[in-house]
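Have a look at the structure below before the remarks.
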Amino acid sequence: MSESESEAMLPDGFPAGLRVFVVDEDSVALRMLQKMLLQCGYEVTTTDFPLQALELLRANIGNYDIVLIDANLTCMDGFELVENVCREISLPVIVLSTDSEFKNVMKGIKYGAIDYLVKPLRLEELKLIWKHAVKKYLNEMKNINESSSMDVNISHLTKKSKDLVRKRDAYDDIALKDNLTSQKRARVSWTPELHAKFINAVNQLGINKAVPIKILDIMDIPGLTRENVASHLQLNKNNRKIAPTQVHK
DNA sequence: CTCTTAATAT
DNA sequence: CATATTAAGA
């Protein structure tokens with residue numbers, strides 16, 4: 001709260017070197033983006049050829065920390081790309097678009113994106129994206145118990161994570177407030193529609209073969225996990241058992 | 001390793 | 001309350 005001047009200057013300890021991969025069909029916008037990202041002190045790799053984006057990412061696993069994808073593509077469905085990248089590459093993906101429609105934003109998130117930024121982008125927003133990379137990393141560390149499948153990619157962030165935790169207070173004013181779409185994996189909301197798909201899958205399989213993984217497979221909902229389904233399945237079984245009156249409180 | 005259940009946590 | 005996570009046995 002004591003500093004207010006340096007807007008363009010990067011604060012001490014700002015996570016420079018974040019490796020950002022950007023996909024945008026519009027090469028002009030792409031250039032601007034690149035420029036801004038560079039101003040943030042990030043390492044930037046760009047492509048204006050979305051059809052190759054996934055391939056490039058595949059070929060460079062471990063070389064990037066975060067992915068930015070403009071969803072307004074003409075050569076393919078931008079959200080499909082988002083979904084595929086999220087599925088295949090374990091990196092935080094941020095959707096970019098000029099469309100601020102709630103529905104569209106939801107779509108981006110639903111397809112696995114960790115955030116959705118509406119163009120035109122402000123430097124301020126880009127300065128904050130490193131948080132997603134760190135958060136994703138922290139979550140994975142928490143989830144993955146003993147698995148040794150974490151690669152060198154992480155060591156790049158590890159040091160910074162510690163640093164950032166310590167320095168968090170310094171960034172709080174701007175950082176803590178941008179919680180639009182980040183946070184941990186959102187809990188599943190079993191809307192009637194989603195539940196319907198669940199029921200549908202169960203029926204399709206037959207009550208005996210209706211096992212979490214198969215249900216999940218048939219439902220084909222991005223981001224939905226086996227655990228989500230298992231939990232819901234359990235709930236439904238229980239409900240049937242003790243349908244009516246319940247002794248409680 | 002996945003499935004199921006119950007218990008407990010968020 | 002609704003959903004998630006954990007623990008233990010199959």
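Each chain gets a letter, A, B and so on, in the order its sequence line appears, and its residues count up from 1.
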Grab the [atom1]-[atom2] distance between [X] and [N] for me, whole Å please.
| X | N | atom1 | atom2 | result |
| --- | --- | --- | --- | --- |
| A:N238 | C:dA2 | CG | C1' | 13 Å |
| A:Q234 | C:dT6 | CD | P | 14 Å |
| A:L205 | B:dT2 | CG | P | 18 Å |
| A:L233 | B:dC3 | CG | C1' | 9 Å |
| A:K237 | C:dT3 | NZ | P | 18 Å |
| A:K209 | B:dT4 | NZ | P | 12 Å |
| A:E227 | B:dT10 | CD | P | 17 Å |
| A:H232 | B:dC3 | NE2 | P | 17 Å |

Path from A:M32 to A:Y42 over hydrophobic side-chain contacts below 4.5 Å: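 No.
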side-chain N/O A:N228 vs C:dT3 OP1/OP2, d < 4.0 Å: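 Answer no for this pair, as no side-chain N or O of A:N228 is under 4.0 Å from OP1 or OP2.
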Phosphate-side-chain proximity, A:R226 and B:dC1, N/O vs OP1/OP2 below 4.0 Å: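 No, outside the criterion.
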Test applied, side-chain contact (heavy atoms from CB on, under 4.5 Å); reference residue, A:I94; option that passes from A:V82, A:L126, A:L68: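 Passing option: A:L68.
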Nucleotide of [options] approaching [X] most closely (side-chain heavy atoms):
| X | options | answer |
| --- | --- | --- |
| A:V188 | B:dC3, C:dA4, C:dT5 | C:dA4 |
| A:I213 | B:dT5, C:dT5, B:dC3 | B:dC3 |
| A:R187 | B:dT5, C:dA4, B:dC3 | C:dA4 |
| A:V211 | B:dT4, C:dA4, B:dT5 | B:dT4 |

Runs of at least three consecutive pairs that involve DNA chain B, where pairs are Watson-Crick or G-U with distances under 3.5 Å: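 Stem list for DNA chain B: B:2-10 with C:2-10.
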Pair A:H232, A:N236: side-chain N/O donor-acceptor within cut-off below 3.5 Å: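 Result is yes, a qualifying pair exists.
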Plane angle bin for A:Y64 and A:F21 - parallel if under 30°, tilted between 30 and 60°, otherwise perpendicular: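 Because their plane-to-plane angle lies in the 30° to 60° range, the rings of A:F21 and A:Y64 count as tilted.
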Stepwise side-chain contact (heavy atoms from CB on, under 4.5 Å) test for A:V67 and A:L57: CA-CA 9 Å; A:V67 180; A:L57 284 168; 4.0 Å; yes
Charged N-O contact under 4.0 Å between A:D26 and A:R31: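 A salt bridge is absent here (no side-chain N lies under 4.0 Å from a carboxylate O).
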salt_bridge(A:R87, A:E83) N-O dist < 4.0 Å: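 Salt bridge flag = yes for A:E83 with A:R87.
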